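The sequence lines fix the lettering, A, B, ..., with proteins before strands; numbering per chain opens at 1. This structure is a prediction, so every number in the text was calculated from the model and none was measured.
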Amino acid sequence: QKEVEQNSGPLSVPEGAIASLNCTYSDRGSQSFFWYRQYSGKSPELIMFIYSNGDKEDGRFTAQLNKASQYVSLLIRDSQPSDSATYLCAVKKTSGGYQKVTFGIGTKLQVIP
Amino acid sequence: KAGVTQTPRYLIKTRGQQVTLSCSPISGHRSVSWYQQTPGQGLQFLFEYFSETQRNKGNFPGRFSGRQFSNSRSEMNVSTLELGDSALYLCASSTRGSGLAGITDTQYFGPGTRLTVL
């Protein structure tokens with residue numbers, strides 16, 4: 001079982017629709033969860049992070065965390081063609097001086113005009 | 001505030017050679033992590049340096065090494081290059097706080113170094 005699992009896609013949604021990106025993780029001790037967007041040929045850029053159960057909204061983006069189910073998701077409302085990219089889920093665990101960040105393979109999102 | 005910088009941006013090497021990549025973190029960030037990204041494997045963690053000490057290491061052979069300087073700049077070295085080392089090498093910096101700051105501390109990525117091994 002991979003530590004962080006994402007469906008590699010592609011996930012295709014029409015412009016204006018809600019895109020739902022999902023991520024599951026195996027380590028129950030994981031404490032914070034990050035979503036990055038990566039355009040082809042570019043480096044990952046942070047969208048948002050979440051560490052408490054529930055929803056966190058930032059503009060058109062909503063991150064959802066359910067620690068009991070070891071599941072985190074990213075919703076993109078009113079999807080635009082410019083949102084077409086690969087979305088990486090990252091899971092972090094810290095303990096004393098130890099820190100580990102693990103990335104999923106990423107989900108490729110295609111927003112169709 | 002300037003972002004994370006990496007040099008060089010592109011490198012072409014031949015098998016058996018060695019290469020050194022450089023990363024300058026965001027000002028005030030003392031942690032630098034290195035990742036290898038390939039299409040099939042995604043982002044694979046190489047190692048993390050904090051306060052000039054390697055704090056964590058991924059599952060890579062000893063040909064991959066790194067170091068961090070007192071100004072937090074970091075270098076990564078790959079010796080005896082193999083074809084499979086062709087990848088995008090990314091570094092990410094963070095403040096690496098403690099407690100809640102450590103939990104919410106965010107990594108910011110540089111533009112990467114594209115290494116091609118022929």
Contacting region of B:Y35 [heavy-atom separation from chain A under 4.5 Å]: side chain
Verify same cluster id: A:L21, A:L46 (apolar side-chain graph, 4.5 Å): no
Neighbour count above 12 (heavy atom, 6.0 Å) for A:K108 NZ: no
B:P111 to A:S43 - nearest heavy-atom pair and separation: CA-OG, 3.8 Å
Atom pair NZ/CG of A:K42 and B:L88 - distance to nearest 0.5 Å: 11.5 Å
Region of A:K93 in contact with chain B, defined by heavy-atom distances below 4.5 Å: neither
Same cluster (ILVMFWY, side-chain, under 4.5 Å), B:W34 and B:F45: no
Single-linkage hydrophobic cluster, 4.5 Å side-chain cutoff, B:Y108 and A:I47 together: no
Heavy-atom neighbours of B:F60 CZ exceed 12 at 6.0 Å: yes
Verdict with reasoning, B:Q37 to A:Q38, per side-chain contact (heavy atoms from CB on, under 4.5 Å): CA-CA 12 Å; B:Q37 188 174 38; A:Q38 186 173 25; 2.8 Å; yes
More than 12 heavy atoms of other groups within 6.0 Å of B:R63 CZ: yes
Joint cluster assignment, A:Y51 & A:L65, ILVMFWY side-chain distance < 4.5 Å: no
Neighbour count above 12 (heavy atom, 6.0 Å) for B:K57 NZ: yes
A:I105 to B:G40 - nearest heavy-atom pair and separation: CD1-O, 3.6 Å
Verdict with reasoning, B:D105 to A:Q99, per side-chain contact (heavy atoms from CB on, under 4.5 Å): CA-CA 11 Å; B:D105 180 40; A:Q99 170 183 287; 4.3 Å; yes
Over all atoms of both residues, closest heavy-atom pair of A:P44 and B:F109: O-CB, 3.5 Å
Residue A:L88 versus chain B: region with a heavy atom under 4.5 Å: side chain
Residue part contacting chain B, namely of A:Y36, when any heavy atom lies under 4.5 Å: side chain
B:L90, part contacting chain A, at a heavy-atom distance under 4.5 Å: side chain
Selection from A:T102, A:V101, A:T94 maximising heavy-atom pairs under 4.5 Å formed with chain B: A:V101
